[in-house]
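As the structure is a computational prediction, the values presented were derived from the model and not from experiment. In what follows, every chain begins at residue 1, and chains take the letters A, B, ... in the order their sequences are listed.
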Amino acid sequence: MSLSRTLLSAPAPEVAPLLLGALLHVTDHEGTVTVRLTEVEAYHGPVDPGSHSYRGRTERNRVMFGPPGHLYTYFTYGMHTCANVVCSPEGIGSGILLRGGEIVEGLDLARARRATSRVDADLARGPARLVVATGITLGDGGVDVVAGSRVRLELREPVAAFSQGPRTGVSGPGGSDEFPWRFWIPGDPTVSPYKAAAVKKVNVRETP
DNA sequence: AGGACGATATTCT
DNA sequence: GAATATCGTCCTG
């Protein structure tokens, strides 16, 4: 087993900081885009109410329960795709959401795909943006990013320092300080702005 | 710089 | 039927 896959077979919260500074290469007929990861979030099903895999296997999350080093993609909010690197041994639903990064190769291609962003730092700042900028699609779900053909993860030397805190957009117990599983490189401009989960809408009744 | 809001489909209750 | 691991645009300050 490769060194990368051995590292990835630990629980997501342990692996997540090791992905900071790592390179993700995505190649298609248009070319190659590479991001240097600056922000990630860990989701560890066995203990984590915020994880898609907390309530067991479903059609959507089944690759989270597969072997480590594969890509878990999902579609959300009716329009966005997000990507995770699967962690932990087969049978345990664990993964790391790729939330932000710096484009270090294929800048022109990333700019063309993300025409709405006015600054390069915004190209892959946020999980759905990162997916668009790199060219990852829903169809990449399940691919092995360690063996790496179209999508390849290249681990680098761990960063000297990182910050951690509560996850973005996670509501309920999973969003509390009990799960400070968002990790980022402090001060980096490609880290997405922290947003607490939207408060659950209170049931307002019209008085008749 | 930051808050409100709408878009829009899949998933799970 | 409700919520969602979000984003861009439009406001206000």
Q) Can you pull the contact range of chain A along DNA chain B, 5' to 3', using atoms under 4.0 angstrom from its heavy atoms? A) dA7(B) to dT13(B)
Q | Pairing residues for Arg113(A) by the salt bridge (Lys or Arg N to Asp or Glu O under 4.0 Å) criterion, not counting sequence neighbours | A | Asp28(A), Glu30(A)
Q: Quick one: which residue pairs count as a salt bridge (Lys or Arg N to Asp or Glu O under 4.0 Å) with a foot in residues 60-83 of chain A, not counting sequence neighbours?
A: Glu59(A)-Arg62(A)
Please list every donor-acceptor pair under 3.5 Å in which a side-chain atom of residues 167-177 of chain A meets a protein atom from a residue at least two apart or in another chain.
from      : atom 1 : to        : atom 2 : distance (Å)
Arg167(A) : NH1    : Ala42(A)  : O      : 2.8
Arg167(A) : NH1    : Asp48(A)  : OD2    : 2.8
Arg167(A) : NH2    : Asp48(A)  : OD1    : 2.9
Arg167(A) : NH2    : Gly174(A) : O      : 2.8
Ser176(A) : OG     : Pro173(A) : O      : 2.8
Ser176(A) : OG     : Glu178(A) : N      : 3.1

Q. Do any of residues 70-80 of chain A sit with a heavy atom less than 4.0 Å from DNA chain B, and if so which?
A. Phe75(A), Tyr77(A), Gly78(A), Met79(A)
Q.
Expected output is a numbered-order residue list: members of residues 94-126 of chain A with a heavy atom under 4.0 Å from any atom of DNA chain B. What is it?
A. none
Q) Any side chain to side chain donor-acceptor pair (under 3.5 Å) pairs touching residues 67-83 of chain A, not counting sequence neighbours? A) His52(A)-Tyr72(A)
(Q) Among residues at least two apart in sequence or on other chains, which ones pass salt bridge (Lys or Arg N to Asp or Glu O under 4.0 Å) with Arg129(A)? (A) none
Q. Quick one: salt bridge (Lys or Arg N to Asp or Glu O under 4.0 Å) pairs with a partner in residues 84-97 of chain A, sequence neighbours left out?
A. none
**Q.** Runs of at least three consecutive pairs that involve DNA chain B, where pairs are Watson-Crick or G-U with distances under 3.5 Å
**A.** B:1-7 with C:6-12, B:9-12 with C:1-4
Q: With a 4.0 Å heavy-atom cut-off, tell me which residues in residues 34-69 of chain A come close to DNA chain B, sorted by residue number.
A: Arg55(A), Thr58(A), Arg60(A)
Q: List for me each residue that meets side chain to side chain contact (heavy atoms under 4.5 Å, CB included) alongside Thr137(A), sequence neighbours excluded, and say none if there are none.
A: Asp140(A)
